[in-house]
Protein chains: 2
Amino acid sequence: MATLKQVAAHAEVSVQTVSNALNAPHRLRADTLQRVTRSIELLNYRPNRNARSLRTSAVELVGYCVPSWPKGQAHLVMDQFLHALCAAAESSGRHILLFTAPAGIDGMKVYDDLHARRLVDGFVLSQTETKDPRHPWLAKRKIPFVSFGRVWGENSQPGSWVDVDGAAGCAMAVRHLVEAGRTRIGFIGWPRTSGLAQDRLSGWRTACREAGLPLAGLSVACRADTIEEGSRAAARLLDAERPVDGIVALSDVLALGALREINHRGLRPGVDVGLTGFDDSPLASVVEPGLTSLRQPIDEIAASLVKLLSDPPTRATTRLLLPELVIRGSSSPG
Amino acid sequence: MATLKQVAAHAEVSVQTVSNALNAPHRLRADTLQRVTRSIELLNYRPNRNARSLRTSAVELVGYCVPSWPKGQAHLVMDQFLHALCAAAESSGRHILLFTAPAGIDGMKVYDDLHARRLVDGFVLSQTETKDPRHPWLAKRKIPFVSFGRVWGENSQPGSWVDVDGAAGCAMAVRHLVEAGRTRIGFIGWPRTSGLAQDRLSGWRTACREAGLPLAGLSVACRADTIEEGSRAAARLLDAERPVDGIVALSDVLALGALREINHRGLRPGVDVGLTGFDDSPLASVVEPGLTSLRQPIDEIAASLVKLLSDPPTRATTRLLLPELVIRGSSSPG
DNA sequence: CTGAAAGCGCTTACAG
DNA sequence: CTGAAAGCGCTTACAG
């Protein structure tokens, strides 16, 4: 492995000049630069990142905690997000360092340790929870971080965040169903304690109201994000005195449950009942008919997060992105 | 941020002694160790990893290339694998560094660069392909790596690997179906060019033969790992003069296609036709009836990989693990 | 058991 | 535009 010193000797310049050739080429005369560059190539020199980091105290590594899921409850779009995050980081010479940590406040000593030992410069948080303790904890200690997702607390959230506009997304879904002629659209969500659920619910409510559609008794809160709960909720909406002809579900999994219930009853999804999900997970295109779903702009989210972490603006910044409605058979025939 | 020097001053010993307290505590007298430990805690000292790595030239970071997938073709068990890999690495003080790289030989300069700049000590390869160019490339340059999966070449594969015994797994699936009374079991796989497909096919063949079951015309090779191909293959097996009453599919996705076809025909999965998949992906427990599938022992695989990379045996080592048959409704009623 | 010193491979004011 | 020197924070023979 060639070192800076060896390159300098080979090019007959000082190590400082080689370092400049790499980090500030404009400081060199053209012919010197060329000579140094040639030596670098000849010796196949690659700067040692540890030495650099020790000197500059920047490791150009971003910590990301890989969530652990209850059995079978895999995060279906995580690999897409991770790939996008990696690609975004690499476009500015950074990389992602993966780690595991206990949930909640107990995990914070892991974050602290990684930062204190200089394994990472900062963190990208995701799987943000209502009243997530990580944000204030990190902010208090001045450990750099950005958040994918809001904390939904009463007070303003510490740090920069990027999120998807769930309300706007669900409103898009409602309008899409209205255009397909639906007149009674239900919402399948989670309890009010979840900020994310409230957000998406509000989009459904607003759009229904704007379209002059009824709301009363048409929103169901599921206790868990499972197929079974989705089925049960759909059954309730379809068993009502005046059954729904459209369903907006808060997640793909709930939508899949609804899809099953619709099929069980001999109703035709996309014909008798229009249905939409959220996330455009791999499940959405695997079922039949395909599930219309709201796709989060993963690449843009990842790029924003990395940018906010790498070049932190002077004050905390927020960015709300629109999801994209991916239309499949569950909401429109053919 | 406290440094070694400050801790040494505080404990009134040399820096060498503090370093020993951390890395070779047995060299210190008990009272010295205690005094030093107290100072470390008081000053909340955390050793700078970059300085350590520069000195020892070990970064304790394992590179893992996050695969990019064609749209919608997410790797459904990847987040489980990544979590297991992280946890395994952390149990020996290591971490996972994620990166992206072009497929095949074009990506090797990325691997080379990460290693040369000392961002990683070595690599865990996965998504291994038939005649994967990465293994010989890395071996030739003496860049440490281990492989999850075999390369299936004619020659012996460079480097250590860990893999799941697909043949044994598919044989287990066949025997399970035989026990449930099936007498005509088909296999849905991929073309013979895939070593993995050959492996799993051979398990089906062996077990059928041992059970005295027919083989002729009962294996179908799909061109792609999609629902549609799985459906088509199942249709062929069910349209035969003597239709099958059991199907072993090479993947969960193909099995899901078969499940759809079985349902379409008004046949009852698990009753009229027994069906199994491979991977126990999140899809398997989400469909109805649940899909019987072969679960790869992810945690054990990850632990083996990290161990082989961290404490490389003197000669390349291989480890073949048994998958576990997870039985759900698709292969047995109730 | 403990300590003084060299050195890992860089970058960065500073001087020329 | 170029170079000599200090120093980032550790570890590791080596000496006492």
Side-chain angles (χ1 to χ4, degrees), chain A residues 1-40 43-61 93-94 113-121, chain B residues 1-40 43-61 93-94 113-121:
Chain A
M1 227 41 287
T3 68
L4 204 58
K5 211 170 165 181
Q6 288 165 11
V7 175
H10 185 272
E12 297 180 313
V13 292
S14 72
V15 291
Q16 145 84 320
T17 299
V18 181
S19 179
N20 279 337
L22 255 23
N23 302 316
H26 61 274
R27 289 198 200 155
L28 270 60
R29 230 171 35 210
D31 58 330
T32 318
L33 180 56
Q34 201 189 351
R35 200 165 79 246
V36 174
T37 307
R38 241 182 70 81
S39 296
I40 287 173
L43 299 182
N44 191 24
Y45 168 69
R46 250 75 66 83
N48 181 315
R49 191 67 159 262
N50 294 313
R52 179 176 216 278
S53 294
L54 176 57
R55 191 53 236 251
T56 64
S57 80
V59 284
E60 319 221 300
L61 247 36
R94 266 158 261 262
D113 221 52
L114 288 169
H115 180 255
R117 309 180 100 100
R118 311 281 36 236
L119 269 89
V120 303
D121 295 324
Chain B
M1 227 41 287
T3 68
L4 205 57
K5 211 170 165 181
Q6 290 164 11
V7 176
H10 186 272
E12 297 180 313
V13 293
S14 71
V15 291
Q16 147 83 318
T17 299
V18 181
S19 178
N20 278 338
L22 256 20
N23 303 316
H26 59 273
R27 289 198 200 154
L28 270 61
R29 229 170 37 210
D31 59 330
T32 317
L33 180 56
Q34 202 190 350
R35 202 166 76 245
V36 173
T37 306
R38 239 182 73 79
S39 296
I40 288 174
L43 300 181
N44 191 23
Y45 169 68
R46 250 75 67 81
N48 181 315
R49 192 63 160 265
N50 294 313
R52 178 177 217 279
S53 295
L54 175 58
R55 193 50 238 251
T56 64
S57 81
V59 284
E60 318 222 299
L61 248 35
R94 266 158 261 263
D113 222 51
L114 287 169
H115 180 254
R117 308 181 100 101
R118 311 282 34 236
L119 269 89
V120 302
D121 295 323

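Residue numbering restarts at 1 for every chain, and letters A, B, ... go by the order of the sequence lines.
Computed from coordinates, the A:Arg55 CZ to C:dC8 C1' distance equals 14 Å when rounded to whole Å. Rounded to whole angstrom, the span from the CD1 atom of A:Ile40 across to the P atom of C:dC10 amounts to 10 Å. As a whole-Å value, the separation of B:Asn48 CG from D:dT11 P is 10 Å. Between B:Asn50 atom CG and C:dT11 atom C1' there is a gap of 14 Å when expressed in whole angstrom units. As rounded to whole Å, 14 Å separates atom P of C:dG7 from atom CG of B:Leu54. As rounded to whole Å, 13 Å separates atom C1' of C:dC8 from atom CZ of B:Arg52. Rounded to a whole Å, the OH atom of A:Tyr45 is 11 Å from the C1' atom of C:dT11. For A:Gln16 and C:dA13, the CD to C1' distance is 9 Å, given to the nearest whole Å.
Phosphate contact (OP1/OP2 of D:dC10, side-chain N/O of B:Ser19, threshold under 4.0 Å): absent. Contact check, B:Thr17 against C:dT2: no side-chain N or O comes under 4.0 Å of OP1 or OP2. Put simply, B:Thr32 has a side-chain N or O that comes within less than 4.0 Å of OP1 or OP2 on C:dT2.
When the nearest nucleotides of DNA chain C are assigned to B:Asn20 and A:Leu4 by heavy-atom distance, the more 5′-ward of the two goes with B:Asn20.
In this structure, of C:dA4, C:dC8, D:dG3, it is D:dG3 that holds the atom nearest to the side chain of A:Ser14. In the set D:dG3, D:dG9, C:dC10, D:dG9 carries the atom at the smallest distance from any side-chain atom of B:Thr3. If you check D:dC10, D:dG3, C:dT11 against the side chain of A:Val13, the one that comes closest is D:dG3.
The distance from the OH atom of B:Tyr45 to the CG atom of B:Leu4 is 4.0 Å, given to the nearest 0.5 Å. Separating the CE atom in A:Met1 from the CZ atom in B:Arg118 is a distance of 9.0 Å, to the nearest 0.5 Å. Atom CG of residue B:Leu54 and atom CZ of residue A:Arg52 lie 14.0 Å apart, to the nearest 0.5 angstrom.
At a threshold of 4.5 Å between non-hydrogen side-chain atoms, the residues A:Ile40 and A:Leu22 count as touching. Taking 4.5 Å as the limit, some side-chain heavy atom of A:Val13 sits within range of a side-chain heavy atom of A:Thr32.
Just one of A:Gln6, A:Gln34, A:His10 meets the side chain to side chain donor-acceptor pair (under 3.5 Å) condition when paired with A:Ser39; it is A:His10.
Checked for salt-bridge contact, A:Arg35 and A:Glu12 miss the test: no charged N lies under 4.0 Å from a carboxylate O.
Of the residues in residues 23-31 of chain B, those with a non-hydrogen atom less than 4.0 angstrom from any atom of DNA chain C are B:His26, B:Arg27, B:Leu28, B:Arg29.
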